[in-house]
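What follows is a short report on a single structure.
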Number of protein chains: 2
Amino acid sequence: MTESSAAVRNTRQRSAVSALLGEMEGFHSAQDLHAMLRQRGERVGLTTVYRTLQGLADAGEIDVMRPPGGEHLYRRCSEGHHHHLVCRVCGRTVEVAGPAVESWADRVAAQHGYADVSHTLEIFGTCPTCVR
Amino acid sequence: MTESSAAVRNTRQRSAVSALLGEMEGFHSAQDLHAMLRQRGERVGLTTVYRTLQGLADAGEIDVMRPPGGEHLYRRCSEGHHHHLVCRVCGRTVEVAGPAVESWADRVAAQHGYADVSHTLEIFGTCPTCVR
DNA sequence: GCGTTTTTGACAATCATTATCGTTGCCACG
DNA sequence: CGTGGCAACGATAATGATTGTCAAAAACGC
């Protein structure tokens, strides 16, 4: 503890998870990602996948979504803050940005005296393909 | 089967859950509600509480929230569509309405051709009391 | 290279929710 | 008023994702 370094080490497993997310489109569950890494021959423990995903999520490098289905879905996505429009049939996802919503949320929270504000917003619908 | 009635029967348990929700403020988990019913002497099974809550949620009579913590929280709340501003420390909740957000979500979804649109929005912050 | 410290990973534990399935009670009709 | 059908109930077991544990392995700084 005499050290003050960041203490984030660069490991093979972390790179593998990060790389995989870089190639993937759409959302995947932790267990999905774990299975994919296995298929690739990467030897990574499920626990580590969870930990790595949490770390990345904390660092803001990936996005987490909690669909009604229950399991958490992770995805590497563009930097800024944004939300998702998800097809409830096929799962196709569109990233949407809503500056108006952001400011509205902050304003409302401030009106009630709430500080350190964050929010989650997800839009569900049926995409054009699945409607037909 | 010759009948076409709605087949929603009026049971003691359903009334109990509904009544309890009517008296409660704030959000409570299914298990909380179950425990409270027990304390009152109402004999209701946990399974039934879950089923009833789901039914009420489907009917739009109560609101469901899925905080990052994991468990679902239920609350009887005002009729119209609205969202919640929740203190992440003490859990105090404020109902907020955002017509602008509603229309924005619908508009964005429509732009991408999505139909049958719904959305979830929750705002988290630290309430004035907990800030100090 | 060496020691320290983080990280890993197999497994068990947790915990809310859901399924099962025999029993109970509501409701309608005779 | 009695009865039969059918939905609801409820105790328990099952599910399944996530988190905790802890010894062993690996990475980083020197």
Side-chain angles (χ1 to χ4, degrees), chain A residues 1-20 27-59 61-75 91 120, chain B residues 1-21 27-59 61-75 91:
Chain A
M1 213 272 268
T2 55
E3 304 299 331
S4 61
S5 55
V8 174
R9 293 187 182 176
N10 195 12
T11 66
R12 172 178 54 80
Q13 292 88 344
R14 209 177 291 257
S15 306
V17 172
S18 202
L20 178 59
F27 283 91
H28 298 276
S29 69
Q31 320 231 4
D32 264 0
L33 293 168
H34 177 238
M36 292 178 205
L37 288 170
R38 285 251 158 142
Q39 279 188 354
R40 289 182 163 207
E42 301 276 358
R43 303 195 76 273
V44 182
L46 177 58
T47 308
T48 301
V49 174
Y50 274 103
R51 263 193 302 240
T52 305
L53 289 173
Q54 274 184 7
L56 291 171
D58 284 348
E61 295 193 33
I62 61 174
D63 221 40
V64 189
M65 194 175 58
R66 316 172 95 277
E71 66 233 299
H72 298 190
L73 300 180
Y74 301 89
R75 182 195 194 189
T120 65
Chain B
M1 205 270 276
T2 53
E3 305 299 330
S4 59
S5 55
V8 174
R9 292 188 182 173
N10 196 11
T11 66
R12 171 178 54 81
Q13 292 87 344
R14 206 177 294 258
S15 306
V17 172
S18 204
L20 179 59
L21 281 168
F27 284 91
H28 297 276
S29 69
Q31 320 231 5
D32 264 1
L33 293 168
H34 177 239
M36 293 179 205
L37 287 171
R38 284 251 159 141
Q39 278 190 353
R40 288 184 163 206
E42 301 276 358
R43 302 194 78 274
V44 181
L46 178 58
T47 308
T48 301
V49 175
Y50 273 105
R51 260 191 304 239
T52 305
L53 288 173
Q54 273 184 8
L56 290 172
D58 285 348
E61 297 191 32
I62 62 173
D63 220 41
V64 190
M65 194 177 56
R66 319 172 92 278
E71 64 233 303
H72 297 190
L73 299 181
Y74 302 88
R75 181 197 196 187

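So that the names make sense, note that chain A is the first sequence line, chain B the second, and so on, each numbered from 1. The structure displayed is predicted, hence computed values, not measured ones.
In this structure, CD of B:Gln31 is placed 12 Å from C1' of C:dT14, rounded to the nearest angstrom. Going from atom NE2 of A:His28 over to atom P of D:dA17 covers 16 Å, rounded to whole Å. Going from atom CG of A:Asp32 over to atom P of D:dA17 covers 10 Å, rounded to whole Å. Rounded to a whole Å, the CD atom of A:Glu71 is 7 Å from the P atom of D:dT18. Rounded to an integer number of Å, the gap from B:His34 NE2 to D:dT12 C1' is 13 Å.
A donor-acceptor pair is defined here as one N or O able to donate and one able to accept, closer than 3.5 Å; no such pair exists between the side chain of B:Arg75 and the backbone of B:Ile62.
Looking at every heavy atom in both residues, B:Val44 comes nearest to B:His34 through O-NE2, 3.0 Å. Heavy atoms only, all atoms of each residue included: A:Ala30 and A:Val49 are closest at O-CG1, 3.7 Å. Between B:Leu37 and B:Ala16, the shortest heavy-atom contact is CD2-O, 4.0 Å.
Looking at A:His28 and A:Leu73, their side chains never come closer than 4.5 Å, going by heavy atoms from C-beta outward. Considering only heavy atoms from C-beta on, B:Phe27 comes within 4.5 Å of B:Met65 through its side chain. Within the 4.5 Å cutoff, no side-chain heavy atoms of B:Leu33 are placed close to those of B:Val17.
Along DNA chain C, the nucleotide nearest A:Arg38 and the nucleotide nearest B:Leu73 are compared for position; the residue whose nucleotide lies closer to the 5' end is A:Arg38.
When the side-chain nitrogen and oxygen atoms of A:Gln13 are compared with OP1 and OP2 of C:dG9, one or more of them lie within a distance under 4.0 Å. Residue B:His72 places no side-chain N or O under 4.0 Å from the OP1 or OP2 atom of C:dA16. Residue B:Gln54 has no polar side-chain atom (N or O) positioned under 4.0 Å from OP1 or OP2 of C:dT17.
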Using a cutoff of under 3.5 Å, can you pull out all pairs of nitrogen or oxygen atoms linking the protein to nucleotides 23-27 of chain D, with atom names and distances?
from	atom 1	to	atom 2	distance (Å)
D:dA27	N3	A:Arg9	NH1	3.0

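For the segment residues 41-53 of chain A, the set of residues with a heavy atom within less than 4.0 Å of an atom of DNA chain D comprises A:Thr47, A:Tyr50, in numerical order.
When each of B:Asp32, B:Val64, B:Asp63 is tested with B:Tyr74 by the rule side chain to side chain contact (heavy atoms under 4.5 Å, CB included), just one qualifies, namely B:Val64.
For the side chain to side chain donor-acceptor pair (under 3.5 Å) condition, the pairs that include at least one residue of residues 42-59 of chain A, sequence neighbours left out, are A:Gln31-A:Tyr50.
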